[in-house]
Amino acid sequence: MKDKLIIFDTTLRDGEQSPGASMTRDEKLRIARQLERMRVDVIEAGFAAASNGDFESVRAIAEAIKDSTVCSLARASEADIRRSGEAIAPAVRGRIHTFIATSPIHMEKKLRMTPDQVVEQAVKAIGWARQFTDDVEFSAEDAGRSELDFLVRIFEAVIKAGAKTINVPDTVGYNVPEQFATTLRSLIERVPNADKVVWSVHCHNDLGLAVANSLAAVRAGARQVECTINGLGERAGNASLEEIVMAVRTRADIFPVETGVDTTQIVPASKLVSQITGYPVQPNKAIVGANAFAHESGIHQDGVLKHRETYEIMRAEDVGWGANKLVLGKLSGRNAFRARLVELGIEIESEEHLNHAFARFKELADKKHEIFDEDLTALMRDEAVTPELEHYRLLASRFHSETGETPLAAITLSVGGREKRSEAEGSGPVDAAFKAIESIVASGSELLLYSVNAITTGTDAQGEVTVRLSKAGRVMDGQGADTDIIVASAKAYLNALNKLHAGAARLNPQVGP
Ligand code: KIV
Ligand code: ZN
């Protein structure tokens, strides 16, 4: 019998710390449901003390999720821990994950605490957390740059205080595999009662080594890996869940562990997270990139046709490729539409909402005959925009682009209910559209990112655009989808402006770690 490797997903917490990737409560719920479907062991649902919105999201996930443990992050303070305890209270299995920094640089420059004070605070934190749950995890933030003797000391103390999982984060992605494995091995050997707890790792990808470090730690005794879908996360991201899970499964000959993950749910989870956050997946990304199973060279194609395993170490269908099935078409009725939304975990608040969404679906089906799950997700995301989040609305647009001519865009918007129109030229039609919008809105925001992705395959696919705007220190992503990518771009720009306008943006830098 192999040991179980606990998969702790932090897409909704560390993943959300990617710039502009903030998600609404409902979006987080949908991702949490997909993680549960994928049989992830622990879902870190958020950082309950960061804001009321974060608290509500963690609580809603704790109420909805039955099969996975639901966890909230908390600094080692009584107030943070109380908030986390309240947020996870409805969970069938709830965990509090508390952390404090342990590296000399963090203790001295950031916390301004002595090592003795840090140990004392960590022990108190475990005591506070245990008032809410027995499932308490402790993280030594920046463990990757901490002194081994100090880690041994603080881990011994928190285990004595009742921590059940000890997490060793490489917070700044500084470690390399052999050295990180040695650290893990030494800790497990030296910390008293090490065998009474689960050893966990949490690696960042600043040197592109997050997965390699996590896997090296697993070989050294770690039995929980913290990771995210598509490797989303602070800065260069976290270890990606799909790579960890598939490495352990594909190289069962060298890893003494197995996960409980239903790997066929990996690609659907990747697509969902990408659509919701607006972070596209690079085509050559392992496991979930569009080219991950595509063979270009004739020699490879010939080999695969003769015997698949000549060039493939995994089967595309085992990670959920091919699940991109045609779901609905032009002739599909209202009931089929409603049933598919329910299967996708999309909530419909009222008959009026359903009617409106169904009318939009019919318009889309007229333009694009085959409707896939991803199209429905994009459509319903637009539908979820409530009037208070739609100060600016696109009423009409006209674009002119011709060889040798300067591209022109004419845009008509509703601004707080009043119709306004403007025209602008640009270096291309998208540039012209953004300039026309700005000449009406005069937001003064800075465009940080513009990216276009085809939602599905085929030339009639909807283009999904992500626009990242920054204004007065706030960064917000907007998304828009349409079969016309210039319209999709205008919608995405307005979506970001609306979020900035509604003040829904998170403060940047965040409260989080
Ligand atoms: O990177 C980090 O150290 C973290 C901890 C809070 C686990 O995200
Ligand atoms: Zn982290």
Side-chain angles (χ1 to χ4, degrees), residues 6-19 21-22 42-50 54 58 69 71-77 80-81 83-84 87-88 95-107 109-111 118 121-122 125-126 129 135-146 150-151 154-155 158 163-175 180 183-184 187 197-211 213-214 217 222 224-241 244 509-513:
I6 298 169
I7 297 296
F8 175 115
D9 180 279
T10 182
T11 307
L12 300 175
R13 197 278 296 169
D14 216 318
E16 203 198 21
Q17 286 173 219
S18 312
S22 63
V42 186
I43 299 173
E44 188 162 56
F47 184 4
D54 280 54
V58 177
T69 296
C71 170
S72 171
L73 184 69
R75 283 169 293 201
S77 82
D80 262 38
I81 290 171
R83 211 66 184 129
S84 284
I88 59 153
R95 173 180 296 188
I96 296 178
H97 173 193
T98 185
F99 72 97
I100 192 162
T102 51
S103 61
I105 184 170
H106 275 231
M107 290 192 288
K109 307 281 182 215
K110 183 183 85 170
L111 298 178
V118 168
Q121 191 70 16
I126 305 301
D135 189 351
V136 177
E137 170 170 338
F138 174 75
S139 277
E141 192 193 9
D142 205 15
R145 291 189 299 169
S146 302
F150 184 61
L151 287 178
I154 197 164
F155 288 153
V158 294
K164 296 285 187 294
T165 301
I166 298 295
N167 186 34
V168 184
D170 182 17
T171 303
V172 292
Y174 179 70
N175 284 230
F180 195 55
T183 303
L184 249 288
L187 287 170
V197 294
V198 174
W199 288 86
S200 168
V201 288
H202 173 114
C203 297
H204 278 273
N205 206 29
D206 300 66
L207 292 172
L209 292 171
V211 169
N213 286 338
S214 306
Q224 172 175 288
V225 170
E226 303 197 353
C227 45
T228 57
I229 303 291
N230 300 337
L232 211 63
E234 185 87 38
R235 303 181 313 279
N238 290 67
S240 80
L241 179 148
I244 301 281
Q510 303 200 355
V511 206

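Treat the numbers as computed from the prediction; the structure is a model and nothing was measured. Whatever order the structure lists them in is the order used to number ligands and atoms, beginning at 1. Residue numbers start at 1 and run along the sequence shown.
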Would you say ligand 1 has an N or O under 3.5 Å from any N or O of H204? yes
Please could you name the atoms of ligand 1 that E141 approaches to less than 4.0 Å, counting only its heavy atoms? 3 (O)
I'd like to check which ligand 1 atoms, numbered from 1 as shown, lie under 4.0 Å from a non-hydrogen atom of D14. 8 (O)
Using a distance-only test with no angle check, is there a side-chain donor-acceptor pair under 3.5 angstrom linking S146 and S103? no
Would you say ligand 1 has an N or O under 3.5 Å from any N or O of S139? no
I'd like to check whether H97 has a polar contact with ligand 1, where a contact means an N/O of the residue lying under 3.5 Å from an N/O of the ligand. no
Is Q17 near ligand 1, meaning one of its heavy atoms is under 4.0 Å from it? no
Atoms of ligand 1 close to P169 [distance to a heavy atom under 4.0 angstrom, numbered from 1]: 3 (O)
Whether R13 lies under 4.0 Å from ligand 1, heavy atom: yes
For V136 and K164, run side-chain contact (heavy atoms from CB on, under 4.5 Å): C-alpha distance rounded to whole Å, both residues' side-chain angles, the deciding distance at 0.1 Å, then the answer. CA-CA 6 Å; V136 177; K164 296 285 187 294; 5.7 Å; no
I need the I96 CD1 to E137 CD distance, nearest 0.5 Å. 11.5 Å
Y174, OH atom: more than 12 neighbouring heavy atoms under 6.0 Å: no
N/O/S atom of E226 inside 2.8 Å of the Zn ion (ligand 2), strictly under: no
Report, rounded to 10°, the angle at the Zn ion (ligand 2) between the two atoms NE2 (H204) and NE2 (H202). 100°
Evaluate the side-chain contact (heavy atoms from CB on, under 4.5 Å) criterion for residues I7 and L241: first the C-alpha distance (whole Å), next the side-chain angles of each, then the deciding distance (0.1 Å), finally the verdict. CA-CA 8 Å; I7 297 296; L241 179 148; 3.6 Å; yes
Can you tell me how far the CG atom of D142 sits from the CD1 atom of I100, to the nearest 0.5 Å? 13.0 Å
Can you tell me how far CD1 of I6 sits from OG of S200, rounded to the nearest 0.5 angstrom? 8.0 Å
Short N/O distance, under 3.5 Å, between T171 and ligand 1? yes
Side-chain donor or acceptor of N238 paired with backbone N/O of C227 under 3.5 Å: no
D14: which N/O/S atom is nearest the Zn ion (ligand 2)? OD2
